[in-house]
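Values reported hereafter were calculated over all heavy atoms of this structure, with side chains retained and with hydrogens, waters and symmetry mates removed. A note on names: the letters A, B, ... follow the listed sequences, proteins ahead of strands, and every chain is numbered from 1.
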Amino acid sequence: MSIYDTLNEQQKRGVFAVDGPVLLLAGAGSGKTRVLTHRIAYLIDEIGVSPYHIMAITFTNKAAGEMRERVDSIIGHGANQVWVSTFHAACVRILRRYIDRIGFDNNFTIYDMDDQKTVMKDVCKRLQIDTKMLKERAILSAISSAKDELISPQDYQIQAMGDFHGERIARAYVEYQETLRKSNALDFDDLIVKTVELFKTCPEVLAGYQDRFRYLMVDEYQDTNTVQFEFIRLLADKYRNLCVVGDDDQSIYKFRGANIRNILDFEEVYPEATVIKLEQNYRSTQNVLDAANAVIKNNRGRKEKALWTDKGEGNKVHFRQFDTAYEEAEFIAGDVGSKKRRGIADYGDFAVLYRTNAQARMLEERFILEGIPYDVVGGTNFYARREIKDILAYLKTVDNGRDDVAVKRIINIPKRGIGATTITRVQEYADERNISFYDALREADQIMTIGRSAGKLAPFVTMIQGFRSKLEYYGLEGLIKDIIETTGYVKELEASGEEDAEDRIHNIDELISKVVAYEETHEEAGLSGFLEEVALVADIDRIEGESSRVLLMTLHSAKGLEFPYVYLAGMEDGVFPGYMAITSDDREDIEEERRLAYVGITRAKEDLTLTCAKQRMVRGETQYNAVSRFVEEIPAELLDQKVPSLKKWNYVDYDEGSEEKLRFRAKPFGMDQTERGDAGGDFRGNASVNGGADSYQRIFHKKQTDSARHKPRATAVPKRTPAENRPFIAGGGAGSLKSVNGLSKGAPEAEAVNYGVGDRVRHIKYGEGTVMKLEKGPRDYQVTVVFDGAGQKIMYAAFAKLKKL
DNA sequence: CGTACTAGTCTTTTT
DNA sequence: GACTAGTACG
């Protein structure tokens, strides 16, 4: 009896075919991770390959972590020698060793999107590019696409000749790269581009890695882009033992440069490739699988596969249409709550998936109201929050003084009376001498143009130097605490009276815990290492394996995950498929959305619910949407409820003002019956008959008026998500839920509290509850209260304003 | 130099 | 609706 006996025939072929290139076409839920892990075990145990010679690339750190765990448990010894990581992490690791050969310091910083935007703004100013005509965002995305395609600034310039916009972008691209180089910084795309560049300019480095990684495996291969493909192609070139695993039906990252041709043309690049299809689905019931297959078969140009399952038929797919998005959220939260109460499922068994992050808000409100624990994945990354970025900028400045973006961010935070003019002068001085901004600061007294302000700069430099010299002996934890203490950052926050100051302080405490945890888990815990980890984590990476919370996330984030109960919310034309895809004349765009639908449906193991609303607010406008075409593509016999005919839908008249936007105006619900009659006819029909620009009629808009009353009642909705409801995974809407009662303004004081454990107290939003715990924190008392309605909350006493009853 | 208010933009989706 | 950049004023 061997570990391989549990695999099916196709899976076994995948495990045993270790020589040469292999293309594993793995349908959703077909056990591809099992194949990969068993394959690694087989290589080590049966073929005698050293773990040292194996590399597996995944898309997220979470996936990497899971694979690592499974490999560990199968083979035990030496497993840690296998490189299991994401493209980005692997590249960083390589660049940290060798990037000095292509003109960077090995302690380079990694710029996130925010930093990129800051740099680009600066670049546009220098090049006098009118950002009204050509937005920074657009330039950055053009540059990003160029990098995905391995097009250098020089290539870009040549290609762009004669094109007005193109030439500007090209110049910006050149300048941008130059700025990054001066700052000793790389952006996300550079991590891979520079690694490829390194391999091409330093054959001896490449040869070393080629010899090391004799067996390569790449997961989620359908989502690789051209640079990433080049990276693995180079690595695999010597031994050609490259095994790629993917599913063309799950390719959903075209916007990020993912090249679906990488998987479709694999056999052309590697004619000797073995192709294996995994077609047995171990995840979903027949009904779910049939629904998924019915939808995806509307796409052209896919590799034909026949997914099957021996699980039973299962429940029908549920479908519900509601009048408003509010009612939709109410239903989902209610349904989850009732299943939990009836003991059918635990909170951790549910996921709610949606197309855009913005949709999370309304769901959150309802979940809070129902007292259902949940986590939101995605939205604004924890590390992208203002206060976190500020503290990180201090860390970056200490780590790499050449990181101009970081230095400029904190030079006047907290306020030191250093303004825009001073900063400009210093920058001019730095430019003249071709030194970094920070180095210019050190010579502040030499800068004639800034006059008295020079005196304000010296203490800043002294402070940073102080941090640097002390870092040696007090470590990362000491450093971060020193920074907060010396700058008075938290004190400033407390005094600011900002509404979300409490949240921010919480987040900073969370960051400190992160630092401590990092130091505990890493033997040589360095500043660069910590910053790197911070830069490379995705939101999804932070979900714990066994959580007992409902997960809310986008369809994109859900890829690779599975849940017994799945809700797909917002199944409306205009939301999903999105407005952009519908209006696009590239058929590929709708097909990509359809693949996204396929991904969403196939996340469900037992039970799938599709919901939509007739009316929903999007960006302050009320939209009237028809049921998603993807729902209509599912045969009626698989659904538990009929999909309403489009004929019910009606518009009232043209909105002259927005005619050019190709939108119709409709009357909101609540109008009298005659107006809600069937004046409009079948919009699908209109859409196809008219064709062209006029055909876009399935989305209706109306300026918000009376629909506001559909918003949740103010009283019970907390302004932000309670801290314990969202550990710091949560980005999304934290702090953005509409404030109703609002916390009273003014600086809270850490005064003594007049209540104790066991006392009954009243909170302005949560109502009455009992104090469970009272802890003296670093700055303030932390009070744990179990509220009668809202459940347990942990809060700072100064902010909570609890009244003893 | 700092603050408070206003007007414009925005959204797909993420390593 | 929400966030941000830009502007006018103290």
Side-chain angles (χ1 to χ4, degrees), chain A residues 57-64 85-92 110 112-114 117-118 121 131-132 135-138 141 144 147-148 187-192 220 223-225 227-228 251-258 353-359 361-362 377-381 383-384 386 412-423 452-453 456 496 535-541 553-559 570 574-584 589 592-593 595-597 599-600 616-623 703-704 707-708 711 731 733 735-739:
Chain A
I57 301 273
T58 60
F59 244 68
T60 63
N61 293 297
K62 183 175 155 54
S85 80
T86 63
F87 275 106
H88 296 268
C91 287
V92 170
I110 302 166
D112 66 13
M113 278 183 334
D114 229 47
K117 227 178 139 189
T118 311
K121 261 176 81 175
T131 51
K132 287 215 177 63
K135 304 227 172 18
E136 291 102 343
R137 253 187 87 96
S141 99
S144 177
K147 287 179 179 175
D148 288 344
D187 67 20
F188 265 120
D189 303 312
D190 283 341
L191 295 177
I192 301 165
E220 306 284 10
D223 287 325
T224 52
N225 59 34
V227 214
Q228 289 167 338
S251 165
I252 55 174
Y253 282 106
K254 188 177 156 222
F255 71 94
R256 198 169 72 186
L353 312 181
Y354 37 78
R355 180 66 238 271
T356 63
N357 282 306
Q359 289 169 255
R361 274 201 189 106
M362 192 148 287
V377 180
T380 328
N381 191 304
Y383 293 106
R386 191 179 76 206
N412 197 32
I413 290 180
K415 304 255 150 39
R416 300 189 177 89
I418 300 165
T421 6
T422 311
I423 293 173
R452 303 195 308 287
S453 304
K456 293 174 182 166
S496 72
L536 295 179
V537 289
D539 235 50
I540 193 85
D541 298 334
M553 69 185 110
T554 62
L555 289 150
H556 282 88
S557 298
K559 197 176 65 158
V575 175
F576 183 39
Y579 174 87
M580 296 297 248
I582 293 176
T583 46
S584 161
D589 289 344
E592 174 133 327
E593 297 274 311
R595 290 192 290 269
L596 202 47
V599 168
R616 136 179 352 254
M617 283 264 275
V618 179
R619 276 188 266 137
E621 266 185 331
T622 302
Q623 279 188 9
K703 282 282 172 215
Q704 184 198 347
S707 62
K711 285 171 43 139
S736 52
L737 291 182
K738 174 94 178 129
S739 166

Counting any heavy atom closer than 4.0 Å, what does A:F87 reach on the DNA or RNA strands: base, sugar-phosphate only, or nothing? nothing

Name the closest nucleotide to the A:K135 side chain, picking from B:dC1, B:dT9, B:dT13. B:dT9

Please determine if a side-chain N or O atom of A:K559 lies less than 4.0 Å away from the OP1 or OP2 oxygen of B:dT14. no

Do other residues, nucleotides or ligands put more than 12 heavy atoms under 6.0 Å from A:K117 NZ? no

May I ask you to verify if any side-chain N or O of A:T422 is less than 4.0 angstrom from the OP1 or OP2 atom of B:dC1? yes

Within the 6.0 Å centroid threshold, strictly below: A:F59 and A:H88: no

Measuring only the P atom in each nucleotide, how far is B:dT13 from C:dT4? A whole number of Å is fine. 15 Å

Taking 4.0 Å as the cut-off, does a side-chain nitrogen or oxygen of A:N412 come that near to OP1 or OP2 on B:dC1? no

Return the value, rounded to whole Å, for the distance between atom CD1 of A:I192 and atom P of B:dT14. 17 Å

Would you indicate what A:K121 reaches in the nucleic acid, counting non-hydrogen atoms under 4.0 angstrom: base, sugar-phosphate, or nothing? sugar-phosphate

Looking only at side-chain atoms of A:T86, point me to the closest of B:dT9, B:dT14, B:dT15. B:dT15

How close or far is atom P of C:dG1 from atom CD of A:Q359, stated in whole angstroms? 18 Å

Check every strand shown and say whether A:N61 touches a base, only sugar-phosphate, or nothing at a heavy-atom separation below 4.0 Å. nothing

When all nucleic acid strands are considered with a 4.0 Å heavy-atom cut-off, which category describes A:K254: base, sugar-phosphate, or nothing? nothing

Would you mind telling me which residue lines up with the more 5' stretch of DNA chain B, A:G419 or A:E593, judged by nearest nucleotide? A:G419

So, does A:R137 get its side chain near the phosphate of B:dT11, meaning an N or O under 4.0 Å from OP1 or OP2? yes

Among the nucleotides B:dT13, C:dG1, C:dA2, whichever has the atom closest to the side chain of A:R361 is C:dA2

Less than 4.0 angstrom between a side-chain N/O of A:T554 and OP1 or OP2 of B:dT14, yes or no? yes

Taking only the side-chain heavy atoms of A:M113 (C-beta and beyond), determine which of B:dC1, B:dT15, B:dT12 contains the nearest atom. B:dT15

Have a look at A:F576 and say if it touches a base, only the backbone sugar-phosphate, or nothing, with a 4.0 Å heavy-atom cut-off. nothing

Among B:dC10, B:dC1, B:dT15, which nucleotide has an atom closest to any side-chain atom of A:T421? B:dC1

Test: A:D190 and A:K147 ion pair at under 4.0 Å: yes

Ring-on-base stacking between A:Y253 and B:dT14, under 5.5 Å between centres and under 30° between planes: is it there? no

Is it true that A:T554 and A:S557 share a donor-acceptor pair across their side chains at a distance under 3.5 Å? yes

Just call it for A:R386: base, sugar-phosphate, or nothing, with non-hydrogen atoms closer than 4.0 Å on any strand. nothing

